[in-house]
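First up is the structure itself, then whatever we jot down about it.
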Number of protein chains: 2
Amino acid sequence: MAQTDTVTRILDTAEVLFAERGFAETSLRNITGKAKVNLAAVNYHFGSKKALIQAVFSRYLDPFSDRFHAAIDELERGYGDRVIPLEVLLETMARTVLEVPAERHSLKVFMRLLGLAYSQAQGHLRRYIQDQYGTVFTRFVALVRKATPELPDSERFWRLHFALGTVIFTLSGLDALRDIAEKDYDEHVSVRDLVRRMMPVVVSALKAPLPEPAPTTPPATREPTA
Amino acid sequence: MAQTDTVTRILDTAEVLFAERGFAETSLRNITGKAKVNLAAVNYHFGSKKALIQAVFSRYLDPFSDRFHAAIDELERGYGDRVIPLEVLLETMARTVLEVPAERHSLKVFMRLLGLAYSQAQGHLRRYIQDQYGTVFTRFVALVRKATPELPDSERFWRLHFALGTVIFTLSGLDALRDIAEKDYDEHVSVRDLVRRMMPVVVSALKAPLPEPAPTTPPATREPTA
DNA sequence: CCAGTATTCAAACAATTGTTTCCAACTGCC
DNA sequence: GGCAGTTGGAAACAATTGTTTGAATACTGG
């Protein structure tokens with residue numbers, strides 16, 4: 001072992017560069033150069049660039065998955081068969097998300113990676129995440145369902161994704177937004193601040209009144225095909 | 001002119017491919033091949049790939065900017081110096097967003113492009129959009145400010161971005177989400193449906209109670225550096 | 001110490017990228 | 001009709017990409 005393991009040095013560098021510039025825009029020479037390892041090391045240790053990308057994600061998501069399962073276990077034990085309130089569920093999720101990357105890396109990087117996983121083409125990534133970590137989210141959604149019985153299932157589905165959009169979009173674009181906020185409002189927000197700020201917003205969003213049903217007769221404006 | 005202008009054939013193809021796979025993952029040969037124009041045509045008509053990307057955006061954003069300015073003009077004329085309610089502002093925004101791409105292209109593509117503009121590295125793009133279309137949004141934000149006087153400026157700033165995240169994330173990942181929704185809930189949602197569904201959620205989000213101030217003494221969990 | 005495995009390294013590989021070049025085809029105009 | 005300038009097209013360009021190779025080196029168990 002030189003100073004730190006080659007594998008972890010590659011992972012550490014890759015996740016930062018991926019988060020900064022995206023997957024396609026980050027070349028292996030870029031990574032290996034900055035990590036001061038040989039170019040072939042990536043293909044030797046991981047097999048391919050795609051495998052490296054997945055490895056970067058599992059290093060975050062494996063501990064997250066474990067901890068979140070554990071946190072839900074504890075929650076269910078504490079509440080018995082009473083309903084766990086929505087706020088508690090969201091707090092637990094937030095706490096776990098905040099804890100995991102804090103141990104080694106930055107939450108900003110983690111969220112940026114998550115955002116990329118959704119927005120970049122990279123079909124293999126979405127599939128990988130879905131296959132590997134789908135069960136945790138299914139479990140979470142089931143609890144949210146009990147906490148919001150007044151919501152139709154499909155409405156809850158969409159609203160959870162609305163909330164997911166809020167979180168991922170904000171935290172993955174954090175740097176740019178923070179710059180503006182600091183310049184315009186002279187306030188320095190930490191990630192924890194932001195999560196605290198999101199909490200009432202997300203709760204209100206999930207509990208919002210149901211939309212009025214689709215109008216049978218369209219309003220005055222011409223109806224486009226989109 | 002062959003059948004349709006080469007320039008518009010390039011733009012039509014490029015926007016679809018960009019939306020499907022991202023900018024870096026879409027090669028010029030990909031575009032020119034599908035558009036059945038010569039490879040050199042892109043560099044001849046647009047100058048570079050970067051310029052092509054910007055051209056794709058202005059074809060959407062120019063009409064949007066014009067229409068939205070006009071819509072706000074009319075709104076201000078109608079309301080005089082009374083405050084325009086938040087719901088009306090959001091409705092106007094939604095209507096304009098729905099109208100513009102409907103004339104020629106799909107809203108899904110438009111939103112996917114917007115999402116990419118935020119998430120992909122492509123620094124030049126964010127700068128271009130900011131420089132070119134910043135004033136429209138500034139105007140909109142000023143009206144929202146009057147409509148939500150109870151919100152601190154910085155809080156409104158963040159919440160507007162929360163809402164932006166909801167919209168862009170949902171509509172740019174529309175296809176995947178729609179597939180799930182159709183499979184799991186057997187309901188076919190149109191873009192208009194989704195926008196209608198988002199409306200009360202966004203309104204509630206913006207009007208949510210203010211977060212409790214940051215705790216002076218951190219909770220039991222160790223405070224990470226992120 | 002030595003055999004054998006695991007790792008590192010420089011170099012080359014084939015494929016793909018954006019861009020440029022140079023020439024043919026076409027356009028409108030006097 | 002012939003000449004300007006614009007557009008179309010095939011080929012080549014230089015640069016960069018992910019991956020593979022084969023030899024050199026480091027490590028490990030006996």
Side-chain angles (χ1 to χ4, degrees), chain A residues 1-59 113 116-117 120-125 127-128, chain B residues 1-59 113 116-117 120-125 127-128:
Chain A
M1 176 182 330
Q3 40 182 8
T4 53
D5 197 303
T6 304
V7 174
T8 70
R9 207 153 71 241
I10 291 177
L11 286 173
D12 286 343
T13 314
E15 71 174 25
V16 172
L17 292 184
F18 283 154
E20 279 176 1
R21 338 216 275 242
F23 304 114
E25 294 88 344
T26 305
S27 70
L28 293 186
R29 284 170 178 79
N30 241 314
I31 298 171
T32 55
K34 195 156 193 171
K36 290 198 224 307
V37 301
N38 190 271
L39 169 61
V42 169
N43 284 280
Y44 176 76
H45 286 287
F46 297 93
S48 70
K49 187 181 180 181
K50 262 157 88 163
L52 170 63
I53 295 177
Q54 296 184 350
V56 166
F57 272 85
S58 28
R59 202 166 58 142
L113 289 175
L116 287 175
Q120 303 251 115
Q122 301 291 356
H124 73 99
L125 232 191
R127 239 174 297 122
Y128 172 78
Chain B
M1 172 180 338
Q3 40 183 6
T4 52
D5 197 306
T6 305
V7 175
T8 71
R9 207 153 70 243
I10 291 177
L11 285 173
D12 287 344
T13 314
E15 72 175 25
V16 172
L17 291 184
F18 283 155
E20 279 176 1
R21 336 216 274 243
F23 304 114
E25 293 88 343
T26 306
S27 70
L28 292 185
R29 284 171 178 79
N30 241 315
I31 298 171
T32 55
K34 195 157 194 170
K36 290 199 225 305
V37 301
N38 189 269
L39 169 60
V42 170
N43 283 280
Y44 175 75
H45 286 287
F46 297 94
S48 70
K49 187 181 181 181
K50 262 158 85 164
L52 169 62
I53 295 177
Q54 296 184 350
V56 167
F57 272 85
S58 30
R59 202 165 59 141
L113 289 175
L116 287 175
Q120 305 251 117
Q122 301 289 357
H124 73 98
L125 232 191
R127 239 174 297 123
Y128 171 78

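Letters go in sequence order (proteins before strands), and every chain restarts at 1. Hydrogens, waters and symmetry mates play no part in the numbers below; they use all other heavy atoms, side chains included.
Rounding to whole angstrom units, CG of residue B:L39 and C1' of C:dG18 are separated by 8 Å. Distance A:R21 CZ to D:dT17 P: 9 Å, rounded to the nearest Å. Note: NZ (B:K36) to C1' (D:dG9) measures 16 Å, nearest angstrom. Rounded to a whole Å, the CG atom of B:N43 is 15 Å from the P atom of D:dG9. Atom-to-atom, NE2 of A:H124 to C1' of D:dG18 comes out at 13 Å; the value is rounded to the nearest Å. C:dT17 atom P lies 16 Å from atom CZ of A:R29, rounded to whole Å. The CG atom of B:L52 sits 10 Å away from the P atom of C:dT19 (whole-angstrom rounding). The interatomic distance linking A:K50 (NZ) with D:dG18 (C1') rounds to 12 Å, in whole Å.
Judged purely by atom type and a 3.5 angstrom limit, B:R21 has no side-chain atom pairing as donor or acceptor with the backbone of B:T26.
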Contacts under 3.5 Å, N or O only, protein and nucleotides 21-23 of chain C:
none

For nucleotides 5-8 of chain C, tabulate all protein N/O to nucleotide N/O atom pairs closer than 3.5 Å, reporting atom names and distance.
| unit_1 | atom_1 | unit_2 | atom_2 | d |
| --- | --- | --- | --- | --- |
| C:dT7 | OP2 | A:Y44 | OH | 3.0 |
| C:dT8 | OP1 | A:T6 | OG1 | 2.3 |
| C:dT8 | OP2 | A:H45 | NE2 | 2.7 |

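Across all non-hydrogen atoms, the minimal contact from A:A19 to A:L113 is N-CD2, 3.9 Å. Minimum interatomic distance between B:T6 and B:A41 (heavy atoms only, all atoms of both residues): CG2-CB, 4.3 Å.
The CG atom of B:L52 sits 11.0 Å away from atom CZ of B:F57, with the distance rounded to the nearest 0.5 Å. Note that CG of A:N43 is 11.0 Å distant from NZ of A:K49, once rounded to the nearest 0.5 Å.
Residue B:V37 is tested with B:V7, B:T32, B:T13, B:V42 for a side chain to side chain contact (heavy atoms under 4.5 Å, CB included); the sole match is B:T32. Of the candidates B:I10, B:L17, B:L11, B:V56 forms a side chain to side chain contact (heavy atoms under 4.5 Å, CB included) with just one, namely B:L11.
Between A:D12 and A:R59, the closest side-chain pair of non-hydrogen atoms falls below 4.5 Å. Residues B:F18 and B:I31 meet the side-chain proximity criterion, which asks for heavy atoms closer than 4.5 Å.
Along DNA chain D, the nucleotide closest to A:G47 and the one closest to A:N30 are compared, and the more 5′ of them pairs with A:N30.
Within the nucleic acid shown, B:T32 has no heavy atom closer than 4.0 Å to any nucleic acid atom.
Residue A:S27 has no polar side-chain atom (N or O) positioned under 4.0 Å from OP1 or OP2 of D:dT16.
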